[in-house]
Peer 1: 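Sending over a structure as structure tokens; questions will come in a sec.
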2 protein chains.
Amino acid sequence: MGRPKNFEPDVAVAQAMETFWTKGYAGTSPADLAEATGVGKGSLYHAFGSKRELFGKALDLYGQVGSEMTEAFLNEPGTAKERLRAYLALLVDIDLDGPVRRGCLAASTALELGGKDPEAIRAVQRMTDATIGLFADRIRKGQRDGDVAKEVDADAQAHFLMNTVVGLRVMAQTHDGPVLHRIIDTAVAGL
Amino acid sequence: MGRPKNFEPDVAVAQAMETFWTKGYAGTSPADLAEATGVGKGSLYHAFGSKRELFGKALDLYGQVGSEMTEAFLNEPGTAKERLRAYLALLVDIDLDGPVRRGCLAASTALELGGKDPEAIRAVQRMTDATIGLFADRIRKGQRDGDVAKEVDADAQAHFLMNTVVGLRVMAQTHDGPVLHRIIDTAVAGL
DNA sequence: TCTGTTCTTGAACTACAGGTCAAAAATTGG
DNA sequence: CCAATTTTTGACCTGTAGTTCAAGAACAGA
């Protein structure tokens, strides 16, 4: 009962995510969020409580979407090395393609809120670790398939690749495609 | 002639740098800067013109200090691999040691101001490229000294190591020492 | 159609960001 | 000591951040 919502909360969270992604947490105002979602400021506060809470939902969505995308992409046909290289290249290309460079929301959050918002940091950590897990799984699958040497430490490589991804998405703010693709080539050499 | 300055501009820039580093560009207010430097808001504006201009000086100082530190550290006795590994480990340890995690000012700037402040991005790019140059020089020295294989592409390795450094300094916000040191081990394996 | 409930709207409010300015203070040269 | 110059101080200003709230609108059930 009661008056029905005038908007889809999930959609609003997705739109808020885009805005936080582009402008950063501190750089996004309630007015920005109202404009991005098409929902009045008052309604947003009624529905989500505060800017910080809405950001939390946006972060979670970011992690979830990224995780699904990663898993699907890694498990398309190909060797582990091919798939991982293609994945890194995809991320870089997406970063470079957009009309505006905005990097990675998780990395921005880690740097912007590090040391002053432990809950946000934990959320970033969760999504990072999830990705590391997907990398490690794919490498182990490669070992079972015979396209990755048995001696490779899947877990170490997975952590290392995650680190490379983070680096790439920051460096995509300042450097261009050829440079980044050469970095990818060097990074996947260990597989 | 005229009334003498009550503060050392260079010192104030250094203090401003610390503040921007800890709180980010958007997160630092003129009041914060006045408190950090011990200089009145009015005087700061008189001396530096605007928050953005002071930030520019702070960024330049950050690059200069980092560059000098890097060059000195890389050229202490040891093989290229030893020195580069020690350098990455040093950065990580510094990041982890502080009372507050604050990552890398250059990376924060790239993410926060990317796509809306081309001049800041260029400054970050300059300091990144300077570091890449130092890495490449040190690797080539290693090749002359015989501790790095001739086949290694010094330039590609230098770019790759820069990328690794950036990744590490972001991941230092969310992960702990052992994890990061294992990433370093994996990264320097190609030398 | 009256009631209770949930949502929307727009105004309102406090605090602070970012910056400006006028007046006074501290210096040097004449 | 006076003039010119440069800095300091602190008040002041405009705009916006982040949030709250009162009033009304849209529903379901009795």
Side-chain angles (χ1 to χ4, degrees), chain A residues 1-59 105 108-109 112-113 116-120 123, chain B residues 1-59 105 108-109 111-113 116-120:
Chain A
M1 56 177 107
R3 178 173 177 168
K5 271 196 169 62
N6 212 348
F7 63 97
E8 219 63 54
D10 292 354
V11 174
V13 170
Q15 290 161 327
M17 181 190 78
E18 297 290 334
T19 307
F20 283 125
W21 194 349
T22 304
K23 315 182 79 157
Y25 178 69
T28 300
S29 69
D32 292 330
L33 293 167
E35 188 185 349
T37 58
V39 178
K41 251 190 326 179
S43 292
L44 284 179
Y45 274 87
H46 180 70
F48 298 107
S50 70
K51 177 181 163 183
R52 178 62 184 80
E53 287 178 75
L54 176 52
F55 180 71
K57 305 246 186 203
L59 246 195
L105 179 59
S108 304
T109 300
E112 184 177 352
L113 270 39
K116 70 176 166 197
D117 190 332
E119 181 50 40
Chain B
M1 55 177 105
R3 178 171 177 169
K5 272 196 166 66
N6 214 348
F7 63 97
E8 220 64 54
D10 292 354
V11 174
V13 169
Q15 290 162 327
M17 180 190 79
E18 297 291 334
T19 308
F20 283 125
W21 194 351
T22 304
K23 315 182 78 157
Y25 177 69
T28 300
S29 70
D32 292 331
L33 293 167
E35 188 185 350
T37 58
V39 178
K41 242 190 336 177
S43 292
L44 284 178
Y45 274 87
H46 180 71
F48 298 106
S50 71
K51 178 181 163 182
R52 179 59 184 83
E53 286 178 75
L54 177 52
F55 179 71
K57 305 246 187 204
L59 246 195
L105 179 59
S108 304
T109 301
L111 288 174
E112 184 177 354
L113 269 40
K116 72 176 164 193
D117 189 332
E119 181 51 38

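So you know, we letter chains A, B, ... as the sequences are listed, proteins then strands, and number each from 1.
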Peer 1: From the set D:dT7, C:dC7, D:dT19, return the single nucleotide nearest to any side-chain atom of A:S50.
Peer 2: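 That would be D:dT19.
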Peer 1: Of all residues at least two apart in sequence or in a different chain, which pass the ring pair (Phe, Tyr, Trp, His ring centres under 6.0 Å) check with B:Y25?
Peer 2: B:F20, B:F55
Peer 1: Which pairs pass side chain to side chain donor-acceptor pair (under 3.5 Å) with one or both residues in residues 9-21 of chain B, sequence neighbours excluded?
Peer 2: B:E18-B:R102
Peer 1: Measure from the side-chain N and O atoms of B:E112 to the backbone N and O of B:A26, and report whether any donor-acceptor pair falls under 3.5 Å.
Peer 2: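 Yes, the answer is positive, given that a donor and an acceptor are paired below the 3.5 Å cut-off.
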Peer 1: Give the nucleotide from the list D:dT7, D:dT19, C:dG18 with an atom nearest to the side chain of A:Y45.
Peer 2: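 Among D:dT7, D:dT19, C:dG18, the one nearest the side chain of A:Y45 is D:dT19.
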Peer 1: Choosing from D:dT8, C:dT8, D:dT7, which nucleotide comes nearest the side chain of B:K5?
Peer 2: D:dT7
Peer 1: Under 3.5 Å, which protein N or O atoms sit close to an N or O of nucleotides 26-30 of chain D? Give each pair with its distance.
Peer 2:
residue : atom : partner : partner atom : Å
D:dC27  : O2   : A:G2    : N            : 3.4

Peer 1: With sequence neighbours left out, which residue pairs that include part of residues 30-50 of chain A fulfil the ring-ring contact (aromatic ring centres under 6.0 Å, His included) condition?
Peer 2: none
Peer 1: Over how many whole Å does the gap from B:R52 atom CZ to C:dA17 atom P extend?
Peer 2: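 After rounding, the gap between these two atoms is 19 Å.
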Peer 1: Would you mind telling me which residue lines up with the more 5' stretch of DNA chain D, B:N6 or A:Y25, judged by nearest nucleotide?
Peer 2: B:N6
Peer 1: According to salt bridge (Lys or Arg N to Asp or Glu O under 4.0 Å), who are the partners of B:K23, at least two apart in sequence or on a separate chain?
Peer 2: B:D32
Peer 1: Calculate the interatomic distance between A:E8 atom CD and C:dT8 atom P; express it in whole Å.
Peer 2: 11 Å
Peer 1: Rounded to whole Å, please give me the gap between CZ in A:F48 and P in D:dT20.
Peer 2: 16 Å
Peer 1: Residues from residues 10-24 of chain A sitting under 4.0 Å of DNA chain D, heavy atoms only?
Peer 2: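 Contacting residues: none.
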Peer 1: Mind checking whether B:T28 and B:L33 have side chains closer than 4.5 Å, heavy atoms only?
Peer 2: yes
Peer 1: What salt bridge (Lys or Arg N to Asp or Glu O under 4.0 Å) pairs are there with at least one residue in residues 42-52 of chain B, not counting sequence neighbours?
Peer 2: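 Salt bridge (Lys or Arg N to Asp or Glu O under 4.0 Å) check on residues 42-52 of chain B returns B:R52-B:D117.
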Peer 1: Taking side-chain contact (heavy atoms from CB on, under 4.5 Å) as the definition, give me every residue that meets it alongside A:A14, ordered by chain and number, with sequence neighbours left out.
Peer 2: A:L61
Peer 1: Tell me the interatomic distance from B:H46, atom NE2, to D:dT5, atom P, rounded to whole angstroms.
Peer 2: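 These atoms are roughly 14 Å apart.
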Peer 1: State which residues pass side-chain contact (heavy atoms from CB on, under 4.5 Å) with A:K116; sequence neighbours excluded, sorted by chain then number.
Peer 2: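 Listed in chain order: A:L113.
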Peer 1: Between C:dG18 atom P and B:E35 atom CD, what is the distance in whole Å?
Peer 2: 15 Å
Peer 1: Just to verify, what does A:E35 make a side chain to side chain donor-acceptor pair (under 3.5 Å) with, not counting sequence neighbours?
Peer 2: none
Peer 1: What is the distance, to the nearest angstrom, from the CZ atom on B:F55 to the P atom on C:dG19?
Peer 2: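 Going from CZ in B:F55 over to P in C:dG19 covers 14 Å.
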Peer 1: What is the nucleic acid contact for A:F7, judged by heavy atoms within less than 4.0 Å: base, sugar-phosphate only, or nothing?
Peer 2: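 Result for A:F7 = sugar-phosphate.
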Peer 1: Using nucleotides 13-17 of chain D, report all nitrogen or oxygen pairs with the protein that are shorter than 3.5 Å.
Peer 2:
residue : atom : partner : partner atom : Å
D:dA17  : OP1  : A:S29   : OG           : 3.4

Peer 1: Output all residues satisfying side chain to side chain donor-acceptor pair (under 3.5 Å) with B:R3, sequence neighbours left out; order by chain, then residue number.
Peer 2: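 Applying side chain to side chain donor-acceptor pair (under 3.5 Å) to B:R3 gives none.
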